[in-house]
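Fair warning: this is a prediction, and the values are worked out from it, not measured in the lab.
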Amino acid sequence: MVDMSKRITDIGPPNYEQFLHPVIKKNYGQWKYHESLGPGLLCHTSESGDKIYSVRCASPRLLAIQSIRFFADLADKYCDGYLRFTSRNNVEFLTDKQDNIAPLKDELQKAGYPVGGTNNAISNIVHTQGWVHCHSAATDASGIVKCVMDALCDRFTSENLPAKLRISLACCLNMCGAVHCSDIAILGVHRKPPKVNQEQVPKVCEVPTLIASCPTGAIRPGTEGRVVDVVEEQCMYCGNCYTVCPAMPLNDPENDGISIWVGGKVSNARCAPKFSKLAIPFIPNEPPRWPKVVEAVVNIVEVYAKNAKKFERMGEWIERIGWPRFFELTGIEFTRYHIDDFKFAGTTYARSAQLRY
Ligand code: SF4
Ligand code: SF4
């Protein structure tokens with residue numbers, strides 16, 4: 001049999017097996033049960049009786065080299081060099097020595113990295129690139145997440161919510177974050193069509209590719225001397241055209257902002273996975289601390305914490321009490337934007353070559 005861990009290739013990441021903790025490698029697929037030893041501390045026990053302990057801390061996701069070196073030094077000191085980053089950017093230190101847990105936790109907390117995020121707590125917030133890196137961002141990512149987590153940190157370090165609560169942020173609806181399936185999703189939204197730089201378009205873009213890039217067919221060959229036209233009523237402000245053509249910017253400091261979505265989940269425990277649904281259609285960008293976004297998210301978390309039954313996820317709670325009651329309890333205004341507009345969809349999706357079946 002081919003030993004995949006020894007394969008030599010320059011395609012893709014190296015085989016993960018070589019990075020597994022020896023206890024995990026030895027007991028792969030033979031785990032009997034796991035238990036919680038406290039917020040951020042898990043113990044997995046295998047059929048053979050071997051145990052592996054995880055210590056989970058929050059990371060700011062965009063990490064300085066000093067932070068990575070700090071994590072690596074701690075892993076060398078307490079975990080024989082083994083750690084992993086979860087998909088929500090928590091850092092998990094893995095050790096088979098229970099005595100190492102307390103000093104490791106201590107060092108992390110002294111350095112300002114909260115330990116928690118397991119079981120009925122908020123896990124680290126997954127987020128996208130924001131103004132730091134991405135061209136199509138309608139809002140920042142790490143900045144808002146920092147502000148929200150500052151306000152909710154004790155919900156990370158204590159397991160006092162009805163169930164696990166996953167929050168995510170994507171800075172545009174391309175949604176590199178998991179906003180479509182998180183308990184609370186913070187989603188950057190554009191609200192204006194792209195501004196076409198007619199002079200630049202033919203110099204920096206391929207016009208047929210640009211026209212084909214629009215999922216709603218809103219970009220047409222131009223008339224009256226223009227290179228392309230955008231049918232504004234058909235534009236859904238997705239930013240796809242800007243991705244293929246930098247002469248179609250749609251960033252707008254006045255009209256870009258944030259929407260809040262709730263009730264999504266990936267898990268199929270108790271009921272099928274759910275998509276997030278709209279709760280707040282628009283909150284303006286207010287850097288550097290985004291007070292209205294923080295207030296809105298904290299409000300939803302607190303109302304959920306007070307009213308949901310044990311082990312009820314956000315979406316399950318809302319469906320049990322009904323959406324009208326959710327809006328009533330949270331005090332969120334119900335607007336026309338909460339209603340699916342089939343008439344409008346008729347003027348957009350139905351005309352798209354890409355979305356017609
Ligand atoms: S969500 Fe949008 S703006 Fe944010 S990183 Fe992804 S493509 Fe860029
Ligand atoms: S690609 Fe998106 S933003 Fe660009 S015109 Fe089409 S719908 Fe509007």
Side-chain angles (χ1 to χ4, degrees), residues 58 61 86-90 117 121-131 134 136-152 155-156 161-191 236-239 256-268 271-286 290 292-305 308 312-319 323 326-327 329-330 332-335 337-340:
R61 185 175 183 278
T86 72
S87 58
R88 285 187 177 265
N89 316 305
N90 303 281
I122 293 179
S123 188
N124 220 19
I125 299 182
V126 67
H127 72 77
T128 52
Q129 315 307 322
W131 289 330
C134 193
S136 56
T139 188
D140 196 18
S142 42
I144 300 169
V145 165
K146 162 78 177 142
C147 300
V148 171
M149 269 321 252
D150 278 353
L152 289 172
R155 295 286 189 189
F156 178 87
L161 284 166
K164 61 172 72 170
L165 190 92
R166 299 291 181 252
I167 304 181
S168 58
L169 184 148
C171 35
C172 84
L173 51 68
N174 282 338
M175 70 168 199
C176 309
V179 284
H180 62 300
C181 59
S182 289
D183 296 289
I184 299 180
I186 305 166
L187 173 63
V189 283
H190 297 288
R191 299 191 303 164
M236 61 174 180
Y237 328 124
C238 68
D256 290 351
I258 285 161
S259 56
I260 308 277
W261 302 66
V262 294
K265 64 167 194 153
V266 180
S267 150
N268 59 4
C271 63
K274 294 175 189 300
F275 282 129
S276 316
K277 294 197 172 72
L278 184 66
I280 303 176
F282 186 73
I283 303 174
N285 279 321
E286 293 172 314
W290 278 273
K292 289 203 186 77
V293 177
V294 173
E295 191 190 331
V297 173
V298 170
N299 174 41
I300 294 169
V301 171
E302 294 307 326
V303 173
Y304 161 70
E312 209 169 34
R313 294 284 294 263
M314 177 76 71
E316 294 161 358
W317 165 62
I318 296 172
E319 284 187 6
W323 284 90
F326 166 78
F327 282 96
L329 285 173
T330 53
I332 295 172
E333 188 190 357
F334 187 84
T335 69
Y337 300 108
H338 291 93
I339 302 165
D340 280 343

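Nearest heavy-atom pair across S276 and V179 is OG-O, 2.7 Å. Between P281 and V189 the shortest heavy-atom distance is O-CG2, 4.3 Å. The two residues I125 and V148 come nearest to each other via the heavy atoms CD1-CG1, 3.9 Å. Contact record, L187 with W261: CD2-NE1, 3.5 Å, taken as the closest heavy-atom pair. Between A296 and I283, the shortest heavy-atom distance links the atoms CB-CD1, 4.1 Å. The two residues A308 and P162 have their closest heavy-atom pair at CB-CG, 3.7 Å.
Checked options R313, K164, R166; the residue passing with D183 is R313 (criterion: side-chain hydrogen bond (donor to acceptor under 3.5 Å, both in side chains)). Between I280 and the options V297, T335, I260, a side chain to side chain contact (heavy atoms under 4.5 Å, CB included) holds for only I260.
By the 6.0 Å contact criterion, CD on E302 is enclosed, its count of non-hydrogen atoms from other residues, nucleotides or ligands being greater than 12.
Within the 4.5 Å cutoff, the side chain of D140 has heavy atoms near those of the W290 side chain. Counting only heavy atoms from C-beta outward, the side chains of M314 and I184 approach each other to under 4.5 Å. At least one side-chain heavy atom of N174 sits under 4.5 Å from a side-chain heavy atom of S136. Here the side chains of W317 and L329 are in contact, with some heavy-atom distance below 4.5 Å. Contact of the V126 side chain with the S87 side chain is not registered, since no non-hydrogen atoms from C-beta on lie closer than 4.5 Å. Within the 4.5 Å cutoff, side-chain heavy atoms of I122 are placed close to those of M149. Residues F326 and I332 form a side-chain contact, since some pair of their non-hydrogen atoms from C-beta on lies under 4.5 Å apart. Counting only heavy atoms from C-beta outward, the side chains of M236 and L173 never approach each other to under 4.5 Å.
The distance from atom CD1 of I258 to atom CD of E286, rounded to the nearest 0.5 Å, is 8.5 Å. Between atom NE2 of residue H127 and atom NZ of residue K146 there is a gap of 11.5 Å, rounded to the nearest 0.5 Å. The NE2 atom of H190 sits 8.5 Å away from the SG atom of C171 when rounded to the nearest 0.5 Å. Atoms OH and CG, from Y304 and L165 in turn, are 6.0 Å apart once rounded to the nearest 0.5 Å. Put simply, CZ on R61 and OG on S142 are 8.0 Å apart, with the number rounded to the nearest 0.5 Å.
Side-chain contact annotation: T139 with N285, donor-acceptor N/O pair under 3.5 Å present.
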Q | Stepwise side chain to side chain contact (heavy atoms under 4.5 Å, CB included) test for S168 and H180 | A | CA-CA 9 Å; S168 58; H180 62 300; over 6 Å; no

Q: Please lay out, stage by stage, how V301 and R155 fare under the test side chain to side chain contact (heavy atoms under 4.5 Å, CB included).
A: CA-CA 9 Å; V301 171; R155 295 286 189 189; 4.3 Å; yes

Q | Steps toward side chain to side chain contact (heavy atoms under 4.5 Å, CB included) verdict (I167, L169) | A | CA-CA 7 Å; I167 304 181; L169 184 148; over 6 Å; no

Q: Determine, stepwise, if the pair H338 / W323 fulfils side chain to side chain contact (heavy atoms under 4.5 Å, CB included).
A: CA-CA 11 Å; H338 291 93; W323 284 90; over 6 Å; no

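Residues satisfying the side chain to side chain donor-acceptor pair (under 3.5 Å) test with E312, not counting sequence neighbours, are R320.
Using bins of under 30°, 30° to 60° and over 60° for the plane-to-plane angle, the ring pair F327/F334 lands in the perpendicular bin.
Remark: side-chain polar atoms of T128 are not paired, donor with acceptor, to backbone N or O of G177 under 3.5 angstrom. Under a 3.5 Å cut-off, the side chain of N299 and the backbone N or O of T330 do form a donor-acceptor pair.
Salt-bridge annotation for K274 and E316: absent, with no side-chain N of the basic residue lying under 4.0 Å from a carboxylate O of the acidic one.
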